[in-house]
Amino acid sequence: MTKQPFYITTAISYVNAPPHIGHAYEVIGADVMARFKRLDGFDVYFLTGTDEHGQKVQKMAQSKDKTPQAFCDEIAATFQDMADYLNISNDQFIRTTQESHKETSRSVWEKLTAAGDIYLNKYAGWYSVRDEAYYGEDEMTTREDGKKICTATGTEVEWIEEESYFFKLSAYEQKLLDLYESQPDFIQPSFRRNEVTSFVKQGLKDLSISRTSFDWGIKVPGDEKHVMYVWVDALINYISALGYPADKDGLMKKYWPCDVHLIGKDIVRFHAVYWPAILMSLGLPLPKRVFGHGFLLTGGNKMSKSVGNVISPRALVDKFGADSSRYALMREVTFGQDGDISWPLMTARINAELANNIGNLVQRTLSQINKNCDGKVPQPGILEDVDHALLTHTGQEMLINVRGEFEKLQFSRALEEIVRAANAANAYIDEQAPWTLKKTDPARMQTVLYVLAETIRNLGLILQPFVPVAAYKILDQVGVAPDQRDFVYIGAQHALQPATPLPKPEGVFPRIVEEEAEAAQEKTA
RNA sequence: GGCGGGGUAGCUCAGCGGUAGAGCAGAGGAAUCAUAAUCCUUUGGUCGGGGGUUCAAAUCCCUCCCUCGCUACCA
């Protein structure tokens, strides 16, 4: 049976600065989803990467006295490094400065032109030379001397007309509205769909898609004084990565259309309006889903360097490790909404759920098996109702519930489900008290410990997408073979074989113990 | 201004017409296998204000207040 394909992407990150926590959050979300789908029997392709063109990058490079490419190489490396230390399982890391992407972009441009959707005209507007930006009427005020200035920066603006290519976005207004109507899940969460719909209903203007004021970009075929507007270039990454249009490796045929574009809420419009319009013009099928996640806040505020409340991905992993960091971010915040994170919140969550609940469950069970069952999977007797109840809850039932949450990208809810299962196992162990059975009914003790080992196997399996390394350790400790770790192995039909020898148990989720220095740091935060 | 979220226990949030819920935090107890972890019980809310519909409203309608987002071409 051939596996069903599943294509998931993050946004590509703009390389004007090294990664911050938001980048980490997004790529972790995508990774958790990708890993889940792989384990659930899908043929997954997971793409992430960097967006490297545009005026901002050119300026940044200049100010650091570097060539744009050298500058990009440097920053892109920090993103690749982050993917590494966060344990991200992407299949490709695309960079928009790579030759294959440029080729695709030029080819797309030619196709859009051939489709009659690109034309040359003038872009006109109020421009601030100092800010190198155009401003709308609502962003400007008139000074006493009668000159218009930008309200925010206070710089003078002048009326500028610049030659530019345009994309006939206006021609797609009705088609886009039809799309949102006929495919209500196209934009998620649903309140984002409302925003986009009302935006499109206001009427779409054609989109200026080339620039002549700088040259760090992909040159427009046949008119090299223009470079493509970075957003057009950036969006194309989702298909250039698959080899469009040549499709030498058949990736396009296999994985397109994309199942989920996972992006930040700030760029929903680009993905829900511009991108489908471009695809329509190319005659390509549209992505199934665009999911805009929220932002991470701390103390209800945006993180900012000047306030000094920034939590960097590197610092996070240094303190908690990759697994626990992934867990904390996925658990603490409802995906799709903004969420508050802080060191104390994350520490509390990791300790309560990973260390105390799940970690300690594994430890207390395995150490009893190690001491009392000769270090082998115990031999169960006849299972009682309580045993069946726990196994059902933590087996198929948990998988079905977790899968349901993944369909909605509700990672936090999925984890809640898993924690609840571990909780039930802790209640079971207390109620059954195998340490007492050891003296009164050793056979029953074996059964109880077997049921617990089996529960731990199920938990280890379902935890893999979130905490891959620790989950692997758990599965190793209950003697699950590496090729028996897909979700089809969850549940009774693939239960542990009694008498399988087990390695000596060791802790998987260490408690975070606050040191004085950290406590002091938190006081100031 | 227009459109759309949200305002529920100390904290984070669920419920969205039928006697106020979960987790965490707080209090009391049990147990001792375990990462002093676990388990049980429990305190705590006039569900933003006001009005209306209904036998019945956190839940529907109106209105007001607060808060957040969107309202195009830096990315």
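Chain A is the first sequence line, chain B the second, and so forth, proteins listed ahead of strands; every chain is numbered from 1. Note that these values count all heavy atoms, side chains included, but never hydrogens, waters or copies made by symmetry.
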Nearest-Å distance once atom [atom1] is located in both [N] and [M]:
N: B:C39; M: B:U53; atom1: C1'; result: 48 Å
N: B:C60; M: B:A25; atom1: P; result: 33 Å
N: B:C11; M: B:U46; atom1: P; result: 13 Å
N: B:C65; M: B:C24; atom1: C1'; result: 31 Å
N: B:U12; M: B:G51; atom1: C1'; result: 32 Å
N: B:C64; M: B:C73; atom1: P; result: 32 Å
N: B:U43; M: B:G21; atom1: P; result: 11 Å
N: B:A20; M: B:G44; atom1: P; result: 15 Å

Quick one: does A:I187's side chain get under 4.5 Å of A:T197's, heavy atoms only?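 They are not in contact (no side-chain heavy atoms under 4.5 Å apart), so the answer is no.
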Mind checking whether A:P313 and A:H23 have side chains closer than 4.5 Å, heavy atoms only? no
Taking atom [atom2] of [N] as reference, at what distance in whole Å does atom [atom1] of [X] sit?
X: A:F199; N: B:G69; atom1: CZ; atom2: C1'; answer: 15 Å
X: A:R420; N: B:C39; atom1: CZ; atom2: P; answer: 14 Å
X: A:W435; N: B:C33; atom1: CH2; atom2: C1'; answer: 5 Å
X: A:K504; N: B:U35; atom1: NZ; atom2: P; answer: 11 Å
X: A:R511; N: B:U35; atom1: CZ; atom2: P; answer: 12 Å
X: A:N423; N: B:U38; atom1: CG; atom2: P; answer: 9 Å
X: A:K265; N: B:G6; atom1: NZ; atom2: C1'; answer: 13 Å
X: A:D266; N: B:A75; atom1: CG; atom2: P; answer: 13 Å

Run the side chain to side chain donor-acceptor pair (under 3.5 Å) test on A:E163 and A:T212 for me, step by step, so that the C-alpha distance in whole Å, both residues' side-chain angles and the decisive distance to 0.1 Å come before the verdict. CA-CA 7 Å; A:E163 189 181 76; A:T212 52; over 6 Å; no
Contact class for [X] (heavy atom, under 4.0 Å): base, sugar-phosphate, or nothing?
X: A:G203; result: base
X: A:A355; result: base
X: A:V508; result: base
X: A:I209; result: nothing
X: A:K371; result: sugar-phosphate
X: A:S208; result: base
X: A:D51; result: sugar-phosphate
X: A:G359; result: base
X: A:Y229; result: sugar-phosphate

Between A:K66 and A:E74, does a salt bridge (Lys or Arg N to Asp or Glu O under 4.0 Å) hold up when you go through it step by step? CA-CA 10 Å; A:K66 287 178 179 148; A:E74 209 171 278; 3.1 Å; yes
Among the nucleotides [options], which one has an atom lying closest to any side-chain atom of [X]?
X: A:D430; options: B:A14, B:U38, B:C73; answer: B:U38
X: A:V230; options: B:A75, B:C39, B:C73; answer: B:A75
X: A:A427; options: B:C73, B:C40, B:U38; answer: B:C40
X: A:K205; options: B:A75, B:U38, B:C73; answer: B:C73
X: A:S367; options: B:C74, B:C33, B:A14; answer: B:C33

Identify the stems formed by RNA chain B, where each pair is Watson-Crick or G-U wobble with both distances under 3.5 angstrom and a stem is at least 3 consecutive pairs. B:1-7 with B:65-71, B:10-13 with B:21-24, B:26-30 with B:38-42, B:48-52 with B:60-64
According to a strict under-4.0 Å criterion, is [X] in side-chain N/O contact with OP1 or OP2 of [N]?
X: A:N370; N: B:A34; result: no
X: A:K59; N: B:C74; result: no
X: A:Y428; N: B:U38; result: no

Along RNA chain B (nearest heavy atom to each residue), the more 5'-positioned of A:F191 and A:L354: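 Looking at RNA chain B, the more 5' nearest nucleotide goes with A:F191.
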Pairwise 5' ranking along RNA chain B for A:E195 and A:R349, keeping only the more 5' one: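 Looking at RNA chain B, the more 5' nearest nucleotide goes with A:R349.
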Side-chain donor/acceptor of A:N356 to base of B:A37, under 3.5 Å: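 Donor-acceptor pair under 3.5 Å: no.
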Base B:C33 paired with A:Q368 side chain (donor-acceptor, <3.5 Å): yes
Rounded to the nearest 0.5 Å, what separates atom NE2 in A:H226 from atom OG in A:S213?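 Answer for the NE2-OG pair, A:H226 versus A:S213, is 10.5 Å.
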Taking the six-membered ring for Trp and the full ring for Phe, Tyr or His, determine whether the centres of [X] and [Y] are under 6.0 Å apart.
X: A:Y428; Y: A:H393; result: no
X: A:Y119; Y: A:F167; result: no
X: A:Y327; Y: A:F509; result: no

Would A:D51 and A:N237 count as having a side-chain donor-acceptor pair, cut-off 3.5 Å?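 No pair is found: no donor N or O on one side chain lies under 3.5 Å from an acceptor on the other.
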Strictly by modelled atom types, are A:N356 and A:R511 linked by a side-chain donor-acceptor pair under 3.5 Å? yes
